[in-house]
There are 2 protein chains.
Amino acid sequence: MAKEIPYKIYLSENELPNQWMNLRAFMKNKPAPLINPQTLQPMTQDELSQIFCDELARQELDDSTEYIDIPKEVRDFYKMYRPAPLVRAYCLEKTLGTPAHIYYKFEGNNTSGSHKLNSAVAQAYYAKQQGLKGVTTETGAGQWGTALSMASAYFGLDCKVFMVKCSYEQKPFRREVMRTYGASVTPSPSLTTAVGRKILQEFPNTSGSLGCAISEAVETAASLDGYRYALGSVLNQVLLHQSIIGLETKTALDQYGVKVDIVIGCAGGGSNLGGLIAPFMAEKLQGKADYRIIAVEPASCPTLTRGKYAYDYCDTGKVCPLSKMYTLGSGFIPAPTHAGGLRYHGMTSTLSQLYDDKLMEARTVKQTEVFAAAEYFARIEGILPAPESAHAIKAALDEAELCKQTGEKKTIVFGLTGTGYFDMMSYEKFHDNKMTDYEPSEEELSKGFAGLPTL
Amino acid sequence: MAKEIPYKIYLSENELPNQWMNLRAFMKNKPAPLINPQTLQPMTQDELSQIFCDELARQELDDSTEYIDIPKEVRDFYKMYRPAPLVRAYCLEKTLGTPAHIYYKFEGNNTSGSHKLNSAVAQAYYAKQQGLKGVTTETGAGQWGTALSMASAYFGLDCKVFMVKCSYEQKPFRREVMRTYGASVTPSPSLTTAVGRKILQEFPNTSGSLGCAISEAVETAASLDGYRYALGSVLNQVLLHQSIIGLETKTALDQYGVKVDIVIGCAGGGSNLGGLIAPFMAEKLQGKADYRIIAVEPASCPTLTRGKYAYDYCDTGKVCPLSKMYTLGSGFIPAPTHAGGLRYHGMTSTLSQLYDDKLMEARTVKQTEVFAAAEYFARIEGILPAPESAHAIKAALDEAELCKQTGEKKTIVFGLTGTGYFDMMSYEKFHDNKMTDYEPSEEELSKGFAGLPTL
């Protein structure tokens with residue numbers, strides 16, 4: 001007889017994975033390598049080590065090791081907030097009247113408020129182990145900056161955060177959380193870097209972008225002794241660390257004999273989605289099981305759905321390596337949608353390759369329908385979601401509604417990446433009917449594509 | 001051999017208590033009854049039912065039933081966020097270098113951000129069961145208002161919240177959380193009630209108080225058909241519902257054979273402390289075990305430590321029943337300290353009686369040392385605490401430090417009632433060295449005492 005499934009499945013601390021899963025190792029068509037914009041050759045480990053700390057440079061290039069040990073110190077930190085609950089959305093299923101079974105992996109039960117902490121602690125640990133003084137980074141919605149601040153405080157590292165200006169202004173309290181953990185926070189673009197000054201000269205009224213903040217953080221790390229840059233998404237190393245989301249999810253579902261049909265996640269740079277789907281996609285790649293895997297992105301920043309698969313700069317300032325990815329062009333500055341974490345012009349190379357190989361789907365959703373889904377979900381399931389996470393909620397609701405129409409009893413799993421505690425100004429706009437939807441025109445997209453490098 | 005204690009002890013959903021514990025039933029010296037200010041007689045159930053819904057009026061007066069069943073619907077709601085983790089503060093112990101073992105019961109892993117949801121869901125459930133249209137309430141820090149909004153949304157009730165003006169201004173985003181759950185929020189004192197208009201006439205610049213907001217909420221409920229008032233602290237019914245904190249804590253500790261020496265909680269109206277200590281105090285009252293139990297209150301609102309044990313009004317407007325309690329006088333308006341949830345002039349009658357019977361201790365701590373403790377804790381244990389909760393942290397750190405000096409290996413348990421996500425403006429003041437300490441003078445206290453009723 002099947003075990004009764006609780007509202008929340010918590011693995012025990014002993015069941016916390018000992019290893020991360022390196023999804024690339026399971027792929028026949030590997031993601032294309034990072035390219036050095038000067039030499040136009042694949043980035044070497046030595047070159048990457050000037051940007052990232054050594055072990056992370058190694059992880060970035062390793063596309064063959066299937067599993068990589070999680071250091072004990074990182075695992076100990078994980079135990080402060082993991083394993084994260086896998087929630088059976090009983091209340092939601094009942095209210096929807098759907099035959100579908102809905103689960104969500106909730107990553108918001110930590111002070112950073114999101115899954116970002118999973119990679120932040122790994123990156124801070126390796127930086128400390130290498131004897132560095134500190135790390136620099138960018139943050140969009142603020143979750144990654146908070147996560148890296150927390151991890152840096154724990155390991156005794158300095159942390160300098162460049163925060164996308166529109167988020168900095170929309171989320172004044174985020175800054176104070178980071179300060180509580182001892183970090184310094186600068187709105188981006190800023191006058192503290194050459195690239196920031198250049199962008200401000202060209203676009204004095206810009207609300208900033210992740211691509212621009214990345215450039216400033218990289219430049220700052222390079223100019224300081226004993227500092228390296230840390231990135232919260234897009235990179236292979238980040239997807240590796242985030243695989244803990246998917247590994248815990250799969251273990252929990254397997255314990256209850258649950259067979260999944262659809263896996264859904266929001267996609268900005270791809271860190272959450274890449275982590276959530278890792279063990280599912282690995283099975284799919286090995287022909288062991290089939291899953292529908294759906295990336296959900298904002299209509300205002302439709303990287304997979306309307307972007308080009310090409311080599312592009314990861315940052316606006318063009319100081320980073322080139323990555324082959326679905327992209328809207330590094331010059332594309334998305335509308336100031338409230339899901340700051342999804343305002344990135346590109347998509348991690350692993351997901352880009354998987355999407356290009358038709359191993360996963362992608363769809364866009366509009367901002368106002370995302371907030372409507374978020375509020376609906378909050379009232380039923382209790383948790384007030386981050387706008388980013390609510391993109392996945394919207395798609396899950398749509399799939400559950402389809403099941404209701406067809407009578408199919410599918411099992412849907414989605415990633416609830418974080419809480420919306422620091423997004424209440426966006427919710428206020430939604431409540432006051434002051435929120436608008438935005439989709440870039442073909443002309444705007446063409447402008448972005450025109451900036452793609454010719455290699 | 002003793003089982004290894006994990007970082008977080010999670011009970012399974014099956015181990016969620018089926019019954020609340022009614023601490024009063026274990027007390028020889030019962031808390032004094034509520035008094036009707038008109039008749040000067042103990043409040044009857046009929047009289048209380050004009051303020052609260054029927055079942056809650058019954059619970060309010062029941063001081064003999066030791067355990068009361070938790071309705072299935074409430075238990076189902078609890079399963080969305082409970083059992084709450086009992087955390088072993090390994091990192092804190094190590095950093096402090098103390099031989100003490102430190103545990104905290106973390107009640108912040110739900111969107112209301114605090115333990116308040118435990119009683120809110122019970123109160124909303126009984127209101128719905130009685131066929132009411134809605135509830136009114138007050139909120140200080142905003143946690144109770146958020147909790148009641150969430151519970152009301154879940155059960156389909158209207159919810160009207162009067163929010164203490166200084167919190168309303170310090171925490172603009174709290175309002176939006178409540179609105180997300182469909183509640184309406186009014187800053188108190190307001191012009192919408194007679195009592196609010198009277199207070200504003202007398203003190204036009206008042207930053208408000210819980211006592212005043214209570215009066216407004218009670219008046220509003222009485223003036224509307226199908227509405228009752230709901231209160232998040234002070235009442236016996238609230239302590240009853242909050243006993244789930246202590247029951248889960250004790251069950252978890254017993255499973256690992258942990259013997260507790262000291263139990264610590266912050267004390268505003270007493271809801272968290274009364275709930276946390278319930279099973280420990282019950283054993284103490286039965287002579288089965290001994291525990292040191294410590295209430296921690298802000299120096300700016302020293303109800304137990306400097307108050308009088310006397311009958312007093314629960315609210316500034318004197319519309320509520322009289323309660324015998326430690327009080328600073330219902331006219332005492334505490335300085336606008338940032339721990340809004342602890343700005344209450346009185347203390348729940350149960351804790352008042354236990355304190356008067358010397359079954360528990362009380363101490364005050366200053367605001368700046370509370371925030372220093374909060375920041376210290378956040379950097380080590382990850383969780384960014386609410387200022388209210390940080391009062392308990394400060395006392396726990398002090399006790400752990402004492403153990404370090406004496407070499408005693410005591411086991412300390414404290415209540416970490418909530419997160420500080422909505423208190424970042426206070427943290428900002430602390431970071432910018434703009435926070436001051438405040439203790440009422442003897443003269444100010446005398447003024448408050450002069451307003452005590454003579455029965």
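Here the structure is a predicted model, which means the values were calculated and not measured. Convention: sequence-line order gives letters A, B, ...; per-chain numbering from 1.
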Looking at Asp432(A) and Arg179(B), is any side-chain nitrogen of the basic one under 4.0 Å from a carboxylate oxygen of the acidic one? yes
Per-residue tally against chain A (heavy atom, under 4.5 Å) across Arg82(B), Arg88(B), Arg174(B) peaks at Arg82(B)
### Under 3.5 Å: donor-acceptor pair, side chain of Thr111(B), backbone of Gly382(A)
yes
The interface call for Thr419(B) against chain A, heavy-atom contacts under 4.5 Å, is neither
dist Met178(A):CE -> Met424(B):CE (nearest 0.5 Å) comes out at 10.0 Å
- Could you tell me whether the side chain of Met425(B) reaches within less than 4.5 Å of the side chain of Phe173(A), counting heavy atoms only? yes
Whatever's closer than 4.5 Å to a heavy atom in chain A on Tyr181(B) counts as both
If one checks every heavy atom of Asn109(B) against chain A at 4.5 Å, the contacting part turns out to be both
With chain B, the option among Asp423(A), Val177(A), Ile380(A) that has the most non-hydrogen atom pairs under 4.5 Å is Val177(A)
Whatever's closer than 4.5 Å to a heavy atom in chain A on Val87(B) counts as neither
Do Cys91(B) and Met80(A) have side chains that approach each other closer than 4.5 Å (heavy atoms only, starting at C-beta)?
yes
| field | Any Asp76(A) side-chain heavy atom under 4.5 Å of Tyr7(B) side chain | value | yes
Whatever's closer than 4.5 Å to a heavy atom in chain A on Arg175(B) counts as side chain
Any non-hydrogen side-chain atom of Tyr154(A) less than 4.5 Å from a side-chain atom of Arg379(B)? no
_Is there a side-chain contact between Tyr81(A) and Ile383(B) in this structure, where contact means two heavy atoms from C-beta onward sitting under 4.5 Å apart?_
no
Separation between NZ (Lys8(A)) and CD (Glu13(B)), nearest 0.5 Å, reads 4.0 Å
Value for OH (Tyr421(B)) from CD (Glu176(A)), rounded to nearest 0.5 Å, stands at 16.0 Å
Nearest heavy-atom contact between Thr180(B) and Glu375(A) is O-CG, 3.3 Å
Ranked by heavy-atom pairs below 4.5 Å to chain A, first place among Leu384(B), Leu117(B), Asn14(B) goes to Leu384(B)
